[in-house]
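In what follows, a single structure is set out as structure tokens and then discussed.
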Amino acid sequence: MFAVEQELAQLEEELSSQYGLARLKPMLALAWHLRQRDPARARTLSLDAAPLLALLPEAERRLEQARCQLIDGEAAWLDGQLDAARALADAAWEEFHRQDDSIGSADARWLRAWIEVDRGNAAASDAELAGAAHDVWRAGDRLRADVIDAAAALFAVFRNLHSANERWGKRFDPAEKGLHPAAAGWINDYLGTAAFQASDFGRAIGLLMNTFEAALATGQLRRAINVATNIGNAFTSLNAHHAALEWMQRGLDLARPTGWPMSIGLALMQTAETLRQLGQREAALELLHEALATLAPMSGSRAYAIALEYEGDLALDGGDYPAALASFARLEARGEALRQADFQSGARRGQAHALSHMNRPHDALDKAAAALALAREHGDSYNQIAALKVLAEIHARHSLPGPAPLEAPSPALHYLRQAMAVAATIDGYTVPGDLYDAVAREYASVGDYPQAYDIALRAGAARDKTHSQEATNRAVAMQVQYQTERAKTEGEHHRQLAAAEAKRAEVLQQTSATLEHLSAIGQEITTHLDAAAVFRALDRHVHGLLDATHFSIFLIDADGSSLSCAFGVEAGKALPATRYSLTDEHANSARCVRERCEILLGLNAGDDMPNLIPGTLPTLSLLFAPLLIGERVLGVMTVQSLQANAYRERERLIFRTLCAYGAIALDNAGAYLQVAATLKALSATQAQLLEKNLELEQAYKALEEVSLTDQLTGLRNRRFFLQHVDADVVMSLRGYDDPLRNGTVERENAPGKDLVFFMVDLDHFKEVNDLHGHAAGDAVLVQMQERLREVFRESDYLIRWGGEEFLVLARATHRDDAKVVAERIRQAVANRDFVLPDGTAVRKTCSIGFACFPFVPEEPRLLSWSEVVELADQGLYLVKRSGRNAWAGIYSTPETRHEGVFSRLIHHLEQALTDGEARLVSNADEVQVTAGAKPRRLVLATDKVTPR
């Protein structure tokens, strides 16, 4: 539906490298995505494609021709030729519908919806959007679904904010990861417009700025123009008129070169309104007349209705009441056609103002009463207050009979008190000082001076509060204006870097798997609290991920004026001690610290290298990066290679990440040393000693936590398991009585739930290390723990038991559910590829054995948990012997206990497995073990899953 600049660049490149019929696909795609960016070129590409279209099969040719009709139709719509645009959109839709092309049908409906918007036919527009939404949901196109639904929500806001939020508020998540910029832009447009209608102008501006950038980035130029003027309008509401004019000018600058009447007219009228707010009536009137003339072909549109409202307000300001009455009467007709209450209410109030000043009080009263009724019908408190104020002004200006029943000494006071009552129902609403003034005047006019005085005091307090709110609004406007400037600068910078970022994105995509691996590495590095251990870990991973003949770490000395080599290895040998002054102009490491930025050097063989450390190799690629903690620099890391151009973007990203982890780890190690030194030197009061002991205890707790965690996968390790399993065993047995423990009560009838021990082992894991290296094996293990986390609950223990073997203790799990869980594990591993750091995808399987606790054989004792783990391990090896990629569960049943086989279970299974005589039997419920030539039935294994 929409494309970003990077995709257009790829289409341009593809088009330039193709010949003959192969050019058709990129040519048509480029024409489609240039339809607003460059309509003339889009039309040219569409015409150039005609000879190639004739070579396609008829059905395909007709579909592509329909797509070209949509391109022409959009150009006609933008030019204000609405009838021609509708005819082209209809013809395209007929073809898409005939061939059941849901995406094409949705795109045709989308264009027809906007044509009807410009005609002012809101009902037809809503129907087209609903049909388009049905088409795209049927086709499963998420981008189009988000865009079309957000547009429908946007239109709903103009009709009724509350019902729109009820209907659409939970549909969208603008922070969702992976959301297309076009979808994010439309969602922010809906949310920003809703915030604007709720008078939350600061939030509205921020959301609409995101919409503006997204519209430009995805080729939606008309949307960008509209949103720029809306941002200006929001700044106007915050009394930040200079910022408003800047955004209006930005919209005009985008609109005028296009020649599109709707866009130009919208920008002109919004600029005129801002000038009116600044008191520049003549300039505002000139721009508004130009806007109305430009929008005349789309006189049914919402934009034209807004222009009429601005025209009426301008006439009221100038005292031209007949002209104001005419403008508001036309606005009322447009509001009825558009079914938009804001226009209807504003038009009736405007007419009431004009009629009152034209000495037609009864007509004015009717219009004001109609505005009040409409506001009450829609539950619009703000418009109720405005209508009640107009009614009060009419009664104050003219001698008219009051309403029945009259609830105040005068009709004007009657309506003003109603306005005050409505205002009291609005949370956070500050009654304006002019409303209090009007009430005070009316009390004074009826002789109630004490009440008038009291209200006058409240008017003063309201003004103070309002002025404070205005100051807040100005502060918000200043902040948003600053953000605008920053966004503008960054936007220009980003556009300049677009081509470079496209290539960078390709590199980043290739390294995504490496980044996942780096995350696990970072967990390992940052757990060390000893600098020497950090150095060793960094050295191991640098050499595992990069071509690094030379690796060294320089740290800033205590005096802060020099760098010393804290760790250095080249070609497997330690480097000599080296020290540089931070002012040394020839030392790259010192320069890296001074400039706090990455330095990449590429040398040629034979180049003069005055900075070469004596005894070191003449490397050709040198990469330096600072070790930064916030604004502090700890030192420098450098890798160097004998190969030219060894460090491209991917390698630099990896090195940058390792530097970040290294800086954190070294800073932690330094802090830990300082804590230890402080503790040794303590000779203060007992309170100080207690405080420092607490710090040391926390440090020890952190070390203990590290000792209980597997540093590669982040899972708990065997030590953690051994510390906690006994407590879970006690909890599992709580509530079971002594007869069960003596084997006299059936376990299946006992209360509570079991502990299930799962032993999981990756099949043929050694092949990964042998074929792809240990870094690949580490990546597989990291992804393996992610899949286990998908299957199990947070309350279960996931343990890295050793190597590629994992132990899971599923707590409070019924034994009947164990086989279901085992099958989920098998599928989670077997049904998805593992992605290696170089991007290679490999498919692995796993074997699973499980046993349940409590385990009650026939003799009067429970097996211990360690014996049950051993049973699960035997089940695992049973699966390994039987072809892998399966599971086996071993647990007691009443039948097996009565047969008296479990007392010999472990012994026989171990011997049978050692002799190679134990096999799982497919589709059977028992394990067969042979002892010599005579088979014996040893143990029942319920529900063996058929091996894959």
Requested in this report: Check Ala85 against Gly73 and note the closest heavy-atom contact, atom names and distance.
Outcome: CB-O, 3.4 Å
Requested in this report: Would you list the pairs meeting ring pair (Phe, Tyr, Trp, His ring centres under 6.0 Å) in which at least one residue belongs to residues 34-53, sequence neighbours left out?
Outcome: none
Query raised in the report: Side chain of Asn188, backbone of Ala184: donor and acceptor closer than 3.5 Å?
Result: yes
Report summary line: ring-ring contact (aromatic ring centres under 6.0 Å, His included) filter on Trp93, not counting sequence neighbours, yields His97
Report summary line: In terms of heavy-atom contacts, Ser125 and Glu116 come closest through N-CB, 3.8 Å
Query raised in the report: Where the side chain of Asp101 meets the backbone of Ile103, is there a donor-acceptor pair that is under 3.5 Å apart?
Result: yes
Query - Lys/Arg-Asp/Glu bridge criterion (N-O < 4.0 Å) met for Glu5, Arg37 - result: yes
Report task. May I ask you to decide whether Asp38 forms a salt bridge with Arg41, counting only side-chain N to carboxylate O separations under 4.0 Å? Result -> no
In residues 287-297, what donor-acceptor pairs under 3.5 Å come from side-chain atoms, sequence neighbours left out?
| residue | atom | partner | partner atom | Å |
| --- | --- | --- | --- | --- |
| Thr294 | OG1 | Glu290 | O | 2.7 |

**Report entry** Lys/Arg N to Asp/Glu carboxylate O, Arg61 vs Glu64, below 4.0 Å
**Finding:** no
Query raised in the report: Does CZ in Arg98 sit with more than 12 non-hydrogen atoms of other residues, nucleotides or ligands closer than 6.0 Å?
Result: yes
**Report entry** Non-hydrogen side-chain atoms of His180 and Thr218 separated by less than 4.5 Å
**Finding:** yes
Query raised in the report: Out of curiosity, Asp79 CG to Glu74 CD, how far, rounded to the nearest 0.5 Å?
Result: 11.0 Å
Query raised in the report: Would you call Arg787 and Glu790 a salt bridge, using N to O less than 4.0 angstrom?
Result: no
Query raised in the report: Heavy-atom count around Glu12 CD within 6.0 Å, excluding the residue itself: above 12?
Result: yes
Requested in this report: Classify the side-chain pair Ser105/Asp135 by whether it contains a donor and acceptor separated by less than 3.5 Å.
Outcome: yes
Report task. Kindly determine whether Trp110 and Trp186 satisfy ring pair (Phe, Tyr, Trp, His ring centres under 6.0 Å), including the steps that lead there. Result -> CA-CA 14 Å; Trp110 171 259; Trp186 277 95; 5.5 Å; yes
Requested in this report: Could you walk me through whether Asn230 and Gln270 pass the side-chain contact (heavy atoms from CB on, under 4.5 Å) test, one step at a time?
Outcome: CA-CA 8 Å; Asn230 290 339; Gln270 296 286 21; 4.2 Å; yes
Requested in this report: I would like to know whether Arg330 and Tyr304 meet side-chain contact (heavy atoms from CB on, under 4.5 Å); could you show each step before the answer?
Outcome: CA-CA 10 Å; Arg330 294 163 65 194; Tyr304 192 82; 2.6 Å; yes
**Report entry** Full working for side-chain contact (heavy atoms from CB on, under 4.5 Å) between Leu21 and Leu56
**Finding:** CA-CA 9 Å; Leu21 191 59; Leu56 296 176; 4.3 Å; yes
Query raised in the report: At what distance, to the nearest 0.5 angstrom, does CG of Leu266 lie from OG1 of Thr229?
Result: 4.0 Å
Requested in this report: Without swapping roles, check the side chain of Arg119 against the backbone of Ser301 for a donor-acceptor pair under 3.5 Å.
Outcome: no
Query raised in the report: CZ/Arg109 to CD/Glu128 distance, rounded to the nearest 0.5 angstrom?
Result: 5.5 Å
Query raised in the report: Can you tell me how far the CH2 atom of Trp137 sits from the CD1 atom of Ile148, to the nearest 0.5 Å?
Result: 10.0 Å
Query raised in the report: Is the side chain of Gln783 donor-acceptor paired with the backbone N or O of Ala779 at a distance under 3.5 Å, no angle test?
Result: yes
Query raised in the report: Going by heavy atoms in the side chains, are Gln18 and Met27 under 4.5 Å from each other?
Result: no
Query raised in the report: Does a salt bridge link Arg250 with Glu246, judged by any charged N lying under 4.0 Å from a carboxylate O?
Result: yes
Query raised in the report: Where do Arg203 and Ala195 come nearest, in terms of heavy atoms and distance?
Result: NH1-CB, 3.8 Å
**Report entry** Arg112/Asp107 ion pair, N-O < 4.0 Å
**Finding:** no
Requested in this report: Would you check if Val835 and Thr840 make a side-chain contact, meaning some heavy-atom pair closer than 4.5 Å?
Outcome: no
Query raised in the report: Does some side-chain heavy atom of Gln827 sit less than 4.5 Å from a side-chain heavy atom of Glu823?
Result: yes
Report task. Say whether, by atom type as modelled, one donor and one acceptor occur between the side chain of Arg23 and the main chain of Leu15 under 3.5 angstrom. Result -> yes
Requested in this report: Would you mind reporting whether Arg144 and Phe2 have side-chain heavy atoms less than 4.5 Å apart?
Outcome: no
**Report entry** side-chain contact (heavy atoms from CB on, under 4.5 Å) evaluation trace for Leu111 with Arg86
**Finding:** CA-CA 8 Å; Leu111 177 56; Arg86 179 64 196 236; over 6 Å; no
Query raised in the report: Can you check whether Gly185's main-chain N or O pairs, donor with acceptor, with Thr211's side chain at less than 3.5 Å?
Result: yes
Quick one: side chains of residues 171-179, donor-acceptor pairs under 3.5 Å with protein atoms, not counting sequence neighbours, listed by atom name and distance.
| residue | atom | partner | partner atom | Å |
| --- | --- | --- | --- | --- |
| Arg171 | NE | Asp149 | OD2 | 3.0 |
| Arg171 | NH1 | Asp146 | OD1 | 3.2 |
| Arg171 | NH2 | Asp146 | OD1 | 3.0 |
| Arg171 | NH2 | Asp149 | OD2 | 3.1 |
| Asp173 | OD1 | Ala175 | N | 3.1 |
| Glu176 | OE1 | Arg142 | NH2 | 2.9 |
| Glu176 | OE2 | Arg142 | NH2 | 3.3 |

Which donor-acceptor pairs under 3.5 Å do the side chains of residues 44-52 make with protein atoms, sequence neighbours left out?
| residue | atom | partner | partner atom | Å |
| --- | --- | --- | --- | --- |
| Thr44 | OG1 | Ala40 | O | 3.0 |

Report task. Verify, without hydrogens or angle tests, whether Glu7 (side chain) and Val4 (backbone) share a donor-acceptor contact under 3.5 angstrom. Result -> yes
Report task. Check whether any side-chain heavy atom of Val227 sits under 4.5 Å from a side-chain heavy atom of Asp189, and report yes or no. Result -> yes
Report task. Answer yes or no for Arg67 and Trp32: cation-pi contact, defined as NZ/CZ to six-membered ring centre under 6.0 Å and angle to ring axis within 45°. Result -> yes
Query raised in the report: Donor-acceptor pair, Gln36 side chain versus Leu221 backbone, under 3.5 Å?
Result: yes
Report summary line: Taking every heavy atom of Asp118 against every heavy atom of Met298, the minimum-distance pair comes out as O-CB, 3.5 Å
Query raised in the report: Of all heavy-atom pairs between Leu53 and Cys68, which one has the smallest distance, and what is that distance?
Result: CD1-SG, 4.5 Å
Query raised in the report: Are Ser102 and Arg138 linked by a side-chain donor-acceptor pair shorter than 3.5 Å?
Result: yes
Query raised in the report: Can you name the nearest heavy-atom pair linking Gln99 to Ala59, along with the distance?
Result: NE2-O, 2.9 Å
Report summary line: dist Arg256:CZ -> Ile225:CD1 (nearest 0.5 Å) comes out at 11.5 Å
**Report entry** Polar side chain donor-acceptor pair, Gln10 to Glu14, under 3.5 angstrom
**Finding:** no
Report task. Would you mind reporting whether Gln249 and Asp253 have side-chain heavy atoms less than 4.5 Å apart? Result -> yes
Report task. Answer whether the closest heavy-atom distance between the side chains of Phe196 and Val157 falls below 4.5 Å. Result -> no
Query raised in the report: Tyr190 and Asn165: side-chain donor and acceptor closer than 3.5 Å?
Result: yes
Query - Residues Asp126 and Arg159 bridged, charged N to O under 4.0 Å - result: yes
Requested in this report: Name all residues meeting the ring-ring contact (aromatic ring centres under 6.0 Å, His included) criterion together with Phe328; count only those two or more places apart in sequence or in a different chain, and write none if there are none.
Outcome: none
Query - Distance, nearest 0.5 Å, that separates CG of Asn831 from CZ of Arg826 - result: 6.5 Å
